[in-house]
Novice: 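Just dropping this structure here.
As a basis for the values below, the full set of heavy atoms in this structure was taken, side chains included, without hydrogen atoms, waters or symmetry mates. In the text below, chain A, chain B and the rest are named by the order of the sequence lines, each starting its count at 1.
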Number of protein chains: 2
Amino acid sequence: MEEKTKARSIPFARTRDHHANETAEDYVEAVADIIAKSGECRVLELARHFNVSHVTVSRIVKRLQNERLLHSQPYRPIELTPKGATLAKRVRERHQVVLDFLIAIGVDKRNAEIDSEGIEHHVGLKTLAAMKRFLKG
Amino acid sequence: MEEKTKARSIPFARTRDHHANETAEDYVEAVADIIAKSGECRVLELARHFNVSHVTVSRIVKRLQNERLLHSQPYRPIELTPKGATLAKRVRERHQVVLDFLIAIGVDKRNAEIDSEGIEHHVGLKTLAAMKRFLKG
DNA sequence: CGCAATCCGTAGCCATTGCTACATTTTAGA
DNA sequence: TCTAAAATGTAGCAATGGCTACGGATTGCG
Ligand SMILES: [Mn+2]
Ligand SMILES: [Mn+2]
Ligand SMILES: [Mn+2]
Ligand SMILES: [Mn+2]
């Protein structure tokens, strides 16, 4: 999305970018959470977490491993690389801000949890900062 | 018989639903806007709008036609069905609320336009109502 | 009128993320 | 120990949305 790009088309290109990062963000966040909760993260645990088949998880884990966010050996638990752990921390904090923010403006917890799961990936630095200001003020 | 879905997996399933509707929502909104602005909506105009190739637009238009949201004949302008027009109206209003809301909490216009393009599709009725309350209050 | 530019459709490629069915490995219990 | 269950991997299919290349239709202009 460079020079000749019409201004009105930029938001759509950015949204496509957000979606391209979404799986990675949700997976590292999930791996961090599951390890924090139960000590290790298994393919089947991720499958239950996202309510998808273990096959889907297995393939995505392989891709994220190529991107150096995770590592795992066959039939072994999944772990985060330093890069993955850094991303997980950032994503988890952003998710928490979005969730707290929705609750702060009066959304019930259940709907805040649902909507924040999708919204988080589209919250840029400026919007995140605005939400933090709102929560502090 | 229904399987008992784990509570923590529900937000992800809902997010997948939101994404499944996203293209339809953005396209009917774009068609409505383009017709309002220039009288008719052409494949190439949509391609410029989203910054994708005309081939991508053409295939998606065909799918949305099967879903009775649009109709078009080869080499003719694209029009909204009543169903499509109804959806466009709802989507456009929701988008406007999200955009106004982001600006109201202090996000600059440019970033509000970018983030709202993705966020809109994840804003459920409860969250939308909360945003409207905030804007009125 | 006629032709060239423009618009649009089709063919066919890729990546991603769903799935089921089946194969293989690991683990746990009798 | 040793075998059955559980966990994981592999094969292969579908839908969606990106793309380029190319061909046909429409339109505008000289
Ligand atoms: Mn998410
Ligand atoms: Mn999340
Ligand atoms: Mn999204
Ligand atoms: Mn949008």
Novice: Do NZ/NE/NH1/NH2 and the carboxylate oxygens of E25(B) and R94(B) come within less than 4.0 Å?
Specialist: yes
Novice: Does a donor on one side chain sit under 3.5 Å from an acceptor on the other, for H19(B) and H122(B)?
Specialist: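 Yes - a donor-acceptor pair under 3.5 Å links their side chains.
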Novice: From CG of N66(B) over to P of dG17(D), roughly how many Å is that when rounded to an integer?
Specialist: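 One finds 13 Å between P of dG17(D) and CG of N66(B), rounded.
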Novice: Provide, to the nearest angstrom, the distance between the CD1 atom belonging to I78(B) and the P atom belonging to dC7(C).
Specialist: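 Result: 13 Å.
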Novice: If you only use heavy atoms from C-beta on, which nucleotide in dT10(C), dA7(D), dC8(C) is closest to the side chain of V55(B)?
Specialist: dT10(C)
Novice: In whole Å, I'd like the distance from the CZ atom of R63(A) to the C1' atom of dT16(C).
Specialist: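 To the nearest whole Å, that distance equals 7 Å.
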Novice: At under 4.0 Å between heavy atoms, what does V57(B) touch on the DNA or RNA strands: base, sugar-phosphate, or nothing?
Specialist: nothing
Novice: Could you tell me whether R14(B) atom CZ has more than 12 heavy atoms of other residues or ligands within 6.0 Å of it?
Specialist: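 It does not: R14(B) CZ has 12 such atoms or fewer within range.
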Novice: Would you indicate, yes or no, if dG18(D) has its OP1 or OP2 atom less than 4.0 angstrom from a side-chain nitrogen or oxygen of T56(B)?
Specialist: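 Checking dG18(D) against T56(B), no side-chain N or O comes under 4.0 Å of OP1 or OP2.
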Novice: Is the phosphate of dC19(D) approached by S53(B) (side-chain N or O, under 4.0 Å from OP1 or OP2)?
Specialist: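 Yes, because at least one side-chain N or O of S53(B) sits under 4.0 Å from OP1 or OP2 of dC19(D).
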Novice: Return the value, rounded to whole Å, for the distance between atom CZ of F50(B) and atom C1' of dT16(D).
Specialist: 15 Å
Novice: Indicate, yes or no, whether a donor-acceptor pair under 3.5 Å links the base of dG9(D) to the side chain of R59(A).
Specialist: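 A donor-acceptor contact between them is absent.
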Novice: On DNA chain C, does the nearest nucleotide to R42(A) precede the nearest nucleotide to R42(B) from the 5' side, or the other way round? Give the residue.
Specialist: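 Whichever sits nearer the 5' end wins; that is R42(B).
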Novice: Please state how far atom CD in E67(A) lies from atom C1' in dT16(C), giving the value in whole angstrom units.
Specialist: 11 Å
Novice: Evaluate the side-chain proximity of D100(B) to Q96(B): yes if any heavy-atom separation is below 4.5 Å, no if none is.
Specialist: yes
Novice: Tell me, yes or no, whether the heavy-atom count around R133(A) atom CZ, taken from other residues, nucleotides or ligands under 6.0 Å, exceeds 12.
Specialist: yes
Novice: Rounded off to whole Å, could you give me the CG-to-P distance for the N51(A) and dT17(C) pair?
Specialist: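 Interatomic distance, CG of N51(A) to P of dT17(C): 17 Å.
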Novice: For H54(A) and for Y75(B), locate the closest nucleotide of DNA chain D by heavy-atom distance; then report the residue assigned to the nucleotide nearer the 5' terminus.
Specialist: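 Counting from the 5' end, the first nearest nucleotide belongs to H54(A).
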Novice: Measure NE2/H49(A) against P/dG18(C) and give the value in whole Å, please.
Specialist: 13 Å
Novice: Could you tabulate the donor-acceptor pairs under 3.5 Å formed by side-chain atoms of residues 63-71 of chain A, not counting sequence neighbours?
Specialist:
{"residue": "R63(A)", "atom": "NH1", "partner": "E67(A)", "partner atom": "OE2", "Å": "2.8"}
{"residue": "Q65(A)", "atom": "NE2", "partner": "S72(A)", "partner atom": "O", "Å": "2.7"}

Novice: Below 3.5 Å, can you tabulate the donor-acceptor pairs from side chains in residues 42-49 of chain B to any protein atom, sequence neighbours excluded?
Specialist:
{"residue": "R42(B)", "atom": "NE", "partner": "E40(B)", "partner atom": "OE2", "Å": "3.0"}
{"residue": "R42(B)", "atom": "NH1", "partner": "Y75(B)", "partner atom": "O", "Å": "2.9"}
{"residue": "E45(B)", "atom": "OE1", "partner": "R48(B)", "partner atom": "NH2", "Å": "3.1"}
{"residue": "E45(B)", "atom": "OE2", "partner": "R8(A)", "partner atom": "NH2", "Å": "3.3"}

Novice: Can you tell me if K62(A) touches the phosphate of dT10(D), counting only side-chain N or O atoms and a distance under 4.0 Å to OP1 or OP2?
Specialist: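 Checking K62(A) against dT10(D): at least one side-chain N or O falls below 4.0 Å of OP1 or OP2.
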Novice: Specify the residues of residues 11-38 of chain B, ordered by number, for which at least one heavy atom lies under 4.0 angstrom from an atom of DNA chain D.
Specialist: T23(B)
Novice: For L46(B) and dG18(D), what is the distance between atoms CG and C1' respectively, to the nearest whole Å?
Specialist: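 Nearest whole value for this atom pair: 16 Å.
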Novice: Below 4.0 angstrom from OP1 or OP2 of dT8(D), is there any side-chain N or O of R76(A)?
Specialist: no
